[in-house]
Protein chains: 2
Amino acid sequence: MLKLTKKADYGLMALKYLAEHPESPALSAKDVADAYGIPAQLLAKILQRLTKAGMLRSQAGINGGYALAKDARTISAYEVILAIDGPFFITSCSKGAKGCELGPNCTIREPLARVNETIAGVLKSISIQDLAEHESAPASPGCDSKDLITLTG
Amino acid sequence: MLKLTKKADYGLMALKYLAEHPESPALSAKDVADAYGIPAQLLAKILQRLTKAGMLRSQAGINGGYALAKDARTISAYEVILAIDGPFFITSCSKGAKGCELGPNCTIREPLARVNETIAGVLKSISIQDLAEHESAPASPGCDSKDLITLTG
DNA sequence: TGTAATCCCGACCAAATTAGTCGTATACTA
DNA sequence: TAGTATACGACTAATTTGGTCGGGATTACA
């Protein structure tokens, strides 16, 4: 239904959180998980992926944890999602190298590639820094404000 | 993983197919399903939705079937997806009226609303006519051409 | 050198979503 | 009135996602 997985969400939230706490040399997976009330072990796995992808530095042991490996401005939402969920393409065919197995179905795929590119472009244009700047938005009266929902339907 | 459902794909394909065959007064769900090798009953349900949404006209009985209710140029990919899959929002929170139940999680949602808007915008800018014009692209050597995949990863 | 905190990682189970089927009712045409 | 088609809801199956478990490797510090 064209939405991010929770894992990607969690990853973005965690990176945002780390970007907001540059004073700590490292925050553990548990620290971040507790801050948002999300499962610690799940977040741990996500942070491991981001580490492998080079966005985080990790340190084991007491007072260990994770810290941004790069400037928050240089980490795009795109690479985060890519690292966590793998490559995406909005149409169902073209899963990896298989291509579309259903004959002429991909007639639809080519025009929609433009959409895919646009999505990738916007996601690339958004950095962790951008997310961090939104610092618990003061004017928004709550998460269920209606104005955002209308645009979706 | 940020991709369309197969149902949405099928719906777009079917509309495209109908747009390409304006000479027939109506094509049955089976006709279209056979043309693409997709399950007829599933497609039938999808076409029923599109009919209820006003994009198709249906006729029961012999030689019945479906035909576009509007000009192919006036049907956007956006409304098709919306009719089939319902409203979407790329972040996991904000499902319908529930809002985000996980406390401060939505710190990420607001900046990503821009992404959502952009996606909706591109989808709105693509019409069934656009899809139909791509008429089994002659130059593409196959569905598994690599150039499109690279942009996703 | 030992212990506690922490990352690392693969296998596994559970929940949710999506895909697809079935059965029946209804509408239309010849 | 027989045959073909849509309409629609309930149901099952498959896939994907979310989350857990357990063992192992690092690191800091007493």
Side-chain angles (χ1 to χ4, degrees), chain A residues 1-11 13-14 18 24-34 36-53 56-67 69 81 84-86 88 91-93 95-96 98 101-102 105, chain B residues 1-11 13-14 18 24-34 36-53 56-67 69 81 84-86 88 91-93 95-96 98 101-102 105:
Chain A
M1 219 198 259
L2 208 47
K3 73 165 184 257
L4 260 41
T5 60
K6 276 193 182 178
K7 289 180 190 178
D9 270 8
Y10 292 164
M13 288 191 286
L18 290 171
S24 330
L27 291 169
S28 74
K30 188 170 184 311
D31 290 340
V32 182
D34 287 352
Y36 289 111
I38 61 187
Q41 301 193 82
L42 181 55
L43 185 63
K45 273 206 310 197
I46 293 165
L47 296 182
Q48 284 158 28
R49 283 194 167 223
L50 296 178
T51 303
K52 270 211 293 195
L56 294 177
R57 267 179 301 101
S58 70
Q59 177 145 28
I62 286 177
N63 292 326
Y66 298 90
I81 294 166
I84 296 174
D85 285 338
F88 61 88
T91 53
S92 300
C93 60
K95 7 178 152 176
K98 281 183 58 182
E101 56 289 325
L102 297 174
N105 290 11
Chain B
M1 217 197 263
L2 208 49
K3 73 165 184 257
L4 260 41
T5 61
K6 276 192 182 180
K7 288 181 192 178
D9 270 8
Y10 293 164
M13 289 191 285
L18 289 171
S24 331
L27 290 169
S28 74
K30 188 169 185 310
D31 290 338
V32 182
D34 287 352
Y36 289 109
I38 61 187
Q41 298 192 84
L42 181 55
L43 184 63
K45 272 206 310 198
I46 294 166
L47 295 182
Q48 283 159 28
R49 282 195 168 223
L50 296 179
T51 303
K52 268 211 292 195
L56 294 177
R57 268 179 300 102
S58 70
Q59 177 145 27
I62 285 179
N63 294 326
Y66 298 90
I81 295 166
I84 296 174
D85 286 338
F88 62 88
T91 52
S92 300
C93 61
K95 10 177 148 177
K98 282 183 59 182
E101 56 289 327
L102 297 174
N105 290 11

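So that the names make sense, note that chain A is the first sequence line, chain B the second, and so on, each numbered from 1. Keep in mind that what you see is a predicted model, and the values were worked out from it rather than measured.
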For the side chain of A:Ser28, starting at C-beta, report the closest nucleotide among C:dC9, C:dT6, D:dC21. C:dT6
Minimum side-chain heavy-atom gap B:Lys7-B:Leu42 below 4.5 Å: yes
Roughly how many Å is it from CD1 in B:Ile46 to C1' in D:dC8, rounded to a whole number? 14 Å
From the candidates D:dG19, C:dC8, C:dT21, the one with an atom nearest any side-chain atom of A:Pro39 is D:dG19
Write down the distance between CD (B:Gln41) and C1' (C:dC22), rounded to a whole number of angstrom. 7 Å
It should be established whether B:Tyr66 places a side-chain nitrogen or oxygen under 4.0 Å from OP1 or OP2 of nucleotide D:dA7. yes
Over how many whole Å does the gap from A:Leu27 atom CG to C:dT6 atom P extend? 11 Å
Can you tell me which nucleotide in C:dG20, D:dT27, C:dC8 comes closest to the side chain of B:Lys6? C:dG20
With a cut-off of less than 4.0 Å, is there a side-chain N or O of A:Gln59 near OP1 or OP2 of D:dA28? yes
Spacing of B:Ile84 atom CD1 relative to C:dA19 atom P, expressed in whole Å: 10 Å
Nearest whole angstrom, please: distance from the P of C:dA19 to the CD1 of B:Ile38. 12 Å
Atom-pair distance (CG on B:Leu4; C1' on D:dT16), nearest Å: 16 Å
Rounded distance in Å - CG (A:Leu43) to P (D:dT20): 12 Å
Would the base of D:dT6 count as contacting B:Lys45 through its side chain, where contact means a donor and an acceptor less than 3.5 Å apart? no
Is the phosphate of C:dC8 approached by A:Ser58 (side-chain N or O, under 4.0 Å from OP1 or OP2)? yes
CG/A:Leu27 to CG/A:Leu18 distance, rounded to the nearest 0.5 angstrom? 5.5 Å
Walking DNA chain D from its 5' end, the first of A:Ala60 and A:Asn63 to be reached, judged by nearest nucleotide, is A:Ala60
Length of the line joining B:Leu50:CG and D:dT6:C1', which is rounded to integer Å: 14 Å
Across the strands shown, which category fits B:Ala29 at heavy-atom distances under 4.0 angstrom: base, sugar-phosphate, nothing? sugar-phosphate
Give a yes/no on whether any side-chain N or O of B:Tyr10 is located under 4.0 angstrom from OP1 or OP2 of C:dA19. no
Under a 4.5 Å cut-off applied to non-hydrogen side-chain atoms, are B:Ser28 and B:Lys30 in contact? yes
Of all the nucleotides listed (D:dT17, C:dT21, C:dC7), which has the minimum atom distance to the side chain of A:Thr5? D:dT17
Can you measure from CG (A:Asp9) to OH (A:Tyr36) and round to the nearest 0.5 angstrom? 11.5 Å
So which nucleotide from D:dT4, D:dG18, C:dC28 ends up closest to the side chain of A:Leu42? D:dG18
Is there side-chain contact between A:Tyr66 and A:Gln48, with heavy atoms separated by less than 4.5 Å? yes
